Amino acid sequence: MDILITGILLGATYSLIAMGLTLQYGVARIMNLANGEMLVAGAFGAFWVFTAQQASPFAAALVVVPGAFALNWLIYRYLLRPLVRRAKNRGMLEVDSILATFGMSFVLVGIMLMVFGGGYFTYSYLAEPFEIFGSPFALNRVVACLVAVAISGLLYWGLNGTRTGMALRALAVDPAAAGLVAIDVPRMSAFSFALGGAVTAAGGIVLSTFLTMDASIGVVFTMKALIIVIMGGVGDVRGAIVAALILGLAETAVASLIDPGLTLAAAYLLFILVLLLRPEGLFGRRQS
Amino acid sequence: MTRAEARNLALAAAAFALLAFLPFLKDSGYLLSVSVSIAMYTVLATSWALFSGPTHYISLATAAFYGLGAYVVAAGIGTISYPLLLVLAGIAGAVLALAVGVTTLRLSGVYFVIFTLGLAELIRQVVTWVQNNLTGSRGMYVLTEITERIIYWELLGLAALVYLVGWLVARSRLGFALRIIGNDELVAAHVGINSAAAKLILFVISGVFAAVVGAVMAPRYTYIEPSIAYSPELSFQVVIMALIGGAHRLWGPLVGVIPFALLWELIAARFPTQTVLLLGVAFLLIVYFIPHGVVGRIESALERLRRGTRRG
Amino acid sequence: MYRRTALKLAAAAALAGALPLGFTHAADPIKIGAVAPKTGPLAGGAAITHWPNVQLWVHQVNERGGLRMRDGSRRKVELIEYDDRTNPGETIKAVERLATQDKVDFIVAPYGTGLNLAAAPVFAKYGYPQIACTSVTDKVPELTKRYPSIFFTLGTTTAFANSVAEVLNKLRAEGKIGNRVAMVNVADAFGIELAEAARPIFKTAGLEIVYDRSYPLGTQDLSPIVKGARAANPDAFVAWSYPPDTFAITEQSKIEGLNVKAYYTAVATAFPAYRGKFGKSIEGHLGAGGVNLDTPEMKAYLAAHKKVTGKDADYWASPVTYAGLQVLEQAIEAVGTDRKAVTEYIKKATFKTVMGHWKFVNQSIHEFWTVGQWQNGLFHGVSSTGLPGAKPVIAKPGW
Amino acid sequence: MLDIQSVAKRFGGLLAVDQLSFAVRENEVLGLIGPNGSGKTTVLNLISGAFKPTAGDIYLDDRLITDRPARHIARAGVGRTFQLVRVLPSLTVLENVMAGAVFGHKRLWGREARKYAERQLERVGMAHAIGMPTAALTYIDEKRVELARALASDPRVLLLDEWLAGLNPTELQTGIALIRSLREEGRTVVLVEHVMDAIRSLCDRCVVMSGGVKIAEGTPAETLADREVIRAYLGDDDA
């Protein structure tokens with residue numbers, strides 16, 4: 001039971017890390033290696049609000065989320081759109097976006113270093129035991145889980161219950177065909193990229209309540225997010241969430257039952273097995 | 001061998017011989033340490049491109065092989081002679097590449113990219129776990145008499161070897177097969193090419209080189225930490241240098257590595273407080289303004305030149 | 001292929017031209033180079049322990065009017081700093097650059113064990129004294145024999161493990177804890193080495209290791225490991241941990257209610273951010289390092305650190321790093337800028353530092369703090385290899 | 001020499017080929033015809049090994065090749081062209097053709113491969129284009145290069161997928177003559193084709209498909225007069 005709950009809580013953490021990238025990679029087709037930096041930026045915002053303004057870190061969302069949305073919109077519009085336009089095929093775009101966002105991740109690290117310095121930033125917020133079935137769990141992780149559920153619920157509703165969502169899903173399946181049915185592909189791509197950035201930054205706010213970060217730690221999150229997104233199946237928010245949960249549960253099970261030293265090894269092994277058996281990911285569509 | 005080939009070969013040999021004298025220059029320490037990193041990236045990026053250039057597979061597993069090589073040396077130093085360790089590192093790299101290749105080369109595109117990334121992390125985790133539970137602090141220290149100068153020569157030798165292998169592959173059936181695979185895998189299958197085997201051979205070659213480079217570099221670091229030996233940054237840099245140069249020519253990575261390494265060096269030296277920021281900016285400029293890699297630039301310039309002379 | 005040579009020569013010329021070449025005349029400031037991570041995995045630690053001290057020292061020396069040379073002249077200090085991005089290859093290059101291009105007079109040792117050892121051959125080659133203040137290794141005898149200008153100040157892994165065993169035994173003798181120890185370690189260089197050293201030492205000391213597990217660097221949720229440790233019902237908990245996980249383990253222990261009377265986490269326990277995050281609940285926590293907070297030198301240092309850098313120093317490697325710079329300062333003032341003489345002087349002389357009197361024996365300091373404990377909001381040294389001023393260890397109250 | 005027995009191919013929910021059986025005799029030209037979407041190209045893909053059948057067996061000279069990969073089938077002497085021409089863009093014309101000579105049934109290397117490839121190019125009337133990059137080729141020339149590549153592997157069975165489509169009347173006559181000469185040197189040809197003139201003048205027999213099943217088999221005259229065949233064509237496609 002403990003393992004199950006701990007695993008789900010960790011899975012929720014992972015889904016917060018990965019959901020933004022699903023939108024950016026799955027819909028806008030940008031494999032964003034600067035995604036982790038956006039998360040760290042969100043976390044920085046929360047840290048600053050908590051320590052300098054003495055306010056709830058979640059209040060940072062009021063500024064950080066719209067800010068991240070706007071920033072990512074601009075990034076897509078002015079830095080990525082030219083790449084999309086010059087790419088002759090998906091492979092070229094992949095290479096170009098890997099290169100460009102890799103550069104961006106350096107720039108973002110550099111900016112954060114200038115603004116916030118290089119030290120660790122960590123604070124205590126809701127770090128209290130919260131009893132579930134008689135066992136204590138960290139309240140901040142439980143809150144993170146609830147936020148993850150809320151965000152994924154909103155995304156699910158947004159994608160399945162609105163016109164914009166339908167356009168985004170169409171885009172995820174086939175950008176060319178989406179263009180043919182009068183979907184404004186560039187606008188929608190920019191929107192999903194910006195939305196992904198906003199979701200990632202929001203995740204950063206939540207994660208900062210229990211993870212210790214510094215300016216250059218973003219790459220750790222990027223890697224995790226990439227693996228979850230690919231494992232779940234590109235362009236499918238459900239897939240990313242399920243993959244995150246599976247990873248969370250598997251890591252916790254291995255850590256509790258076998259050896260904590262093998263947690264990450266188990267996670268990567270699982271990822272590799274999924275990829276070998278279902279190369280398109282858990283929820284992905286098989287490409288012909 | 002045609003006359004042009006013989007001439008190129010002789011020129012290459014002369015260039016390598018000349019480069020081998022670099023450590024004898026006066027006050028060459030800094031130049032040498034820059035050259036070591038250039039040579040290292042040249043070998044890594046060129047061997048990476050041997051596989052990835054023709055097949056278009058982007059492998060982010062360089063660090064896995066590199067780290068493995070470094071660990072073979074770290075674990076065996078003191079009991080096994082160093083040259084033998086280099087061979088063992090190569091064998092370990094080959095075995096790993098074979099195992100990985102057999103299972104994964106059917107993945108395509110981005111799946112392969114992320115797979116190799118996951119693989120590098122898996123290897124790192126497994127090696128660390130083994131070290132933690134079995135070898136302990138042995139497998140951390142590499143205390144040898146090997147100086148930077150020797151490492152440089154070793155890397156130079158490896159670079160020569162990588163070019164030789166690349167050149168031999170290019171003139172062989174295998175090289176021809178790879179070009180066809182890179183163009184159209186379906187056609188390749190229908191003219192009777194075993195594309196899985198061809199890709200596997202190249203993947204193994206690049207894996208062996210990366211592992212041996214790791215083994216060569218281990219004495220330079222003295223102290224091997226998993227987070228450094230398996231740094232994902234290494235994998236990315238190799239890919240990026242090769243792509244910036246151009247992966248479809250044997251000499252492509254070289255023209256990416258050298259300016260790239262020097263530019264980074266210049267930024268690191270001149271802007272020590274904003275190094276990372278400016279590296280990022282420089283990088284973006286390269287990506288946006290040299291879209292087809294340095295090779296692409298050179299080739300189109302040559303093409304213009306040729307057309308110009310023809311017209312004139 | 002010949003393009004390669006041409007490019008390389010051009011590059012060498014470009015680099016040589018681009019970099020400031022040093023011409024030292026008498027009135028010039030003394031050039032000091034520094035290379036350490038500003039980015040990468042170790043940047044967080046360096047930003048707390050390393051860089052502020054370099055900044056503080058340079059500031060103070062120049063404030064005073066510079067180093068007072070033997071001939072009575074004053075020479076200011078000019079700092080040239082580089083970011084090695086936590087990459088040993090970059091560290092090596094940067095030290096070479098400092099030595100041959102910038103032609104600095106002295107170089108502050110890099111940060112961390114790995115980067116220091118990677119750079120050691122270069123320091124040795126050019127004869128720069130390398131006062132490696134942030135290296136903890138058991139290979140000190142071998143390394144000092146190999147590199148005649150390296151100096152170690154922070155201690156050895158064995159000494160750290162020994163002291164932890166001693167502290168635990170002291171508490172046991174006082175009847176405050178039993179002999180059951182739960183031990184975890186981060187599976188990275190330092191953590192592995194400490195855990196390996198601790199196993200036999202704990203056993204000899206009569207401590208029973210009831211839980212012994214490692215976890216990978218970068219584990220995002222350490223609750224299974226804390227749960228596992230708690231389930232083993234230990235009297236003491238020892239974590240050979242790194243900064244991000246030290247925070248995470250502590251938070252998780254608090255949540256899980258891991259109530260032991262002896263609670264030890266390694267690196268970062270002495271960070272001010274640790275106190276900042278956990279407030280009063282860290283009373284009685286043991287950690288790596290510690291200082292004697294009662295000396296006037298230490299008090300002045302801590303105040304100056306806060307004033308000049310705007311940040312609090314940590315209670316372990318920060319003052320040690322600063323002391324290393326003081327050693328350099330005093331050696332230069334005593335014998336000038338001849339690096340060989342400075343190295344020889346460091347080997348023989350006694351230095352008055354913020355850490356007390358330092359005398360290198362076989363190029364290393366043998367009296368250093370090993371275990372500290374948070375008591376009333378301050379991290380006091382409670383165990384050392386022979387330093388005065390240790391506070392008595394207390395049992396940890398509840399969370 | 002080629003025996004297709006109760007072969008079926010399913011793509012997801014779509015049954016593209018259903019219970020198809022026919023045989024190709026040594027040294028004959030067999031026309032595989034039928035309206036668009038009737039599964040002809042799928043059959044070629046099943047024979048050449050591009051797809052694995054969902055059910056059924058394919059024999060080449062009494063050897064089971066159903067589950068063999070495409071490269072083995074190619075080396076056993078089956079060459080093919082593609083409906084949508086697939087030349088190798090970054091290779092020269094000569095190298096394109098050499099691909100067949102080097103790796104196919106023939107497995108030549110070096111000068112021999114080059115000479116052999118040049119001969120095949122001459123044969124399809126492309127001798128002038130030997131050193132050209134493929135980017136300079138017209139669509140028709142690409143088709144010729146592709147045929148030369150297939151020929152360069154010296155195939156015993158040649159699968160041509162609408163190779164004659166899009167040729168003008170003069171080119172068509174040359175094309176028909178070329179295919180006929182292939183048969184005369186002892187090769188077996190399976191032809192997926194819409195050009196009825198070509199079918200009439202070239203094919204010994206025809207297999208007619210519609211909706212994935214065989215609806216008729218026989219000489220061209222017989223099959224083209226078959227009521228069901230006419231219905232199939234007029235139903236979908238006004239051929």
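Here the structure is a predicted model, which is why all the values come from computation and not from measurement. A, B, ... follow the sequence lines: proteins, then strands. Residue 1 opens every chain.
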Under 4.5 Å from a heavy atom of chain A, the part of A187(C) involved: neither

W240(C) ring center near Y264(C) ring center (under 6.0 Å): yes

Test your reading of the model: is there a side-chain donor-acceptor pair from N87(C) to the backbone of D84(C), 3.5 Å cut-off? no

So does A270(C) get a backbone contact from the side chain of R275(C), meaning a donor-acceptor N/O pair under 3.5 Å? no

Heavy atoms only, distances under 4.5 angstrom: which of T263(A), T13(A), V220(A), L113(A) has the most pairs with chain C? Name it, please. L113(A)

Given heavy-atom pairs under 4.5 angstrom as the criterion, report whether the side chain, backbone, both or neither of P41(C) touches chain A. backbone

Under 4.5 Å to a heavy atom of chain A? For L217(C) that would be backbone

Chain A contact via T39(C) - side chain, backbone, both or neither, heavy atoms under 4.5 Å: both

If contact means a heavy atom pair closer than 4.5 Å, which residues of residues 239-262 of chain A contact chain C? T252(A), A255(A), S256(A), I258(A), D259(A), P260(A), G261(A)

So, do L273(A) and Y268(A) sit near enough that their side-chain heavy atoms are less than 4.5 Å apart? no

Looking at chain C, which one of T6(A), D214(A), I3(A) has the largest number of heavy-atom pairs inside 4.5 Å, strictly under? T6(A)

State whether the side chain of T222(A) and the backbone N or O of A34(A) hold a donor-acceptor pair below 3.5 Å, judged by distance alone. no

Just checking heavy atoms, which of residues 39-57 of chain A are less than 4.5 Å from chain C? none

Checking the side chain of N140(A) only, and the main-chain atoms of F210(A) only, is there a donor and an acceptor separated by less than 3.5 Å? no

Counting N and O atoms only, with roles assigned by atom type, does the side chain of S216(A) sit under 3.5 Å from a partner on the main chain of G40(C), one being a donor and the other an acceptor? yes

Is the closest side-chain heavy-atom distance between P234(C) and V181(C) below 4.5 Å? no

Side chain, backbone, both or neither: which part of I217(A) has a non-hydrogen atom closer than 4.5 Å to chain C? neither

What one should report as the nearest heavy-atom pair of A144(A) and L16(A) is O-CD1, 3.8 Å

Chain A contacts, top residue of K38(C), E256(C), K227(C), K254(C) (heavy-atom pairs, under 4.5 Å): K227(C)

Would you say C133(C) and Y322(C) make side-chain contact, with heavy atoms under 4.5 Å? no

Are any non-hydrogen side-chain atoms of R141(A) and Q252(C) less than 4.5 angstrom apart? yes

Picking from T269(C), D314(C), T250(C), what satisfies side-chain hydrogen bond (donor to acceptor under 3.5 Å, both in side chains) with Y274(C)? T250(C)

What residue, out of G276(C), A47(C), P216(C), has the most heavy-atom pairs lying under 4.5 Å from chain A? P216(C)

So what's closer than 4.5 Å to chain A heavy atoms on E251(C): side chain, backbone, both or neither? side chain

Y211(C) side chain to N233(C) backbone, donor-acceptor under 3.5 Å: no

Given 3.5 Å as the limit, does a donor-acceptor pair link the side chain of T209(A) with the main chain of I205(A), or not? no

Chain C contacts: which residues in residues 121-132 of chain A have a non-hydrogen atom closer than 4.5 Å to it? T122(A), Y123(A), S124(A), A127(A), E128(A), P129(A)

Relative to each other, are the rings of Y263(C) and W399(C) parallel, tilted or perpendicular (30° and 60° limits)? perpendicular

Passing option when Q24(A) is tested against T101(A), T200(A), N35(A) for side-chain hydrogen bond (donor to acceptor under 3.5 Å, both in side chains): N35(A)

Listed by residue number, which members of residues 277-290 of chain C have a heavy atom under 4.5 Å from any heavy atom of chain A? K277(C), F278(C)

W316(C)-F271(C) aromatic ring centre distance below 6.0 Å: no

Is there side-chain contact between P37(C) and L115(C), with at least one heavy-atom pair below 4.5 Å? yes

Toward chain A, the part of R230(C) with a non-hydrogen atom under 4.5 Å: side chain

With a 4.5 Å cut-off on heavy-atom pairs, point out which of G228(C), G44(C), G257(C), P224(C) contacts chain A the most. G44(C)

Is there side-chain contact between M31(A) and L21(A), with at least one heavy-atom pair below 4.5 Å? no

Heavy-atom pair count under 4.5 Å with chain A, highest-scoring of F247(C), W51(C), Y215(C): F247(C)

Is D245(C) close to T219(C) at the side-chain level, that is, under 4.5 Å between some pair of heavy atoms? no

Measure from the side-chain N and O atoms of Y111(C) to the backbone N and O of T86(C), and report whether any donor-acceptor pair falls under 3.5 Å. no

Among A248(C), G218(C), P243(C), A273(C), which residue has the highest count of heavy-atom pairs closer than 4.5 Å to chain A? P243(C)

Distance alone, cut at 3.5 Å: any donor-acceptor contact between the side chains of S214(C) and N185(C)? no

Among L275(A), V274(A), L269(A), side-chain contact (heavy atoms from CB on, under 4.5 Å) partner for F271(A): L275(A)

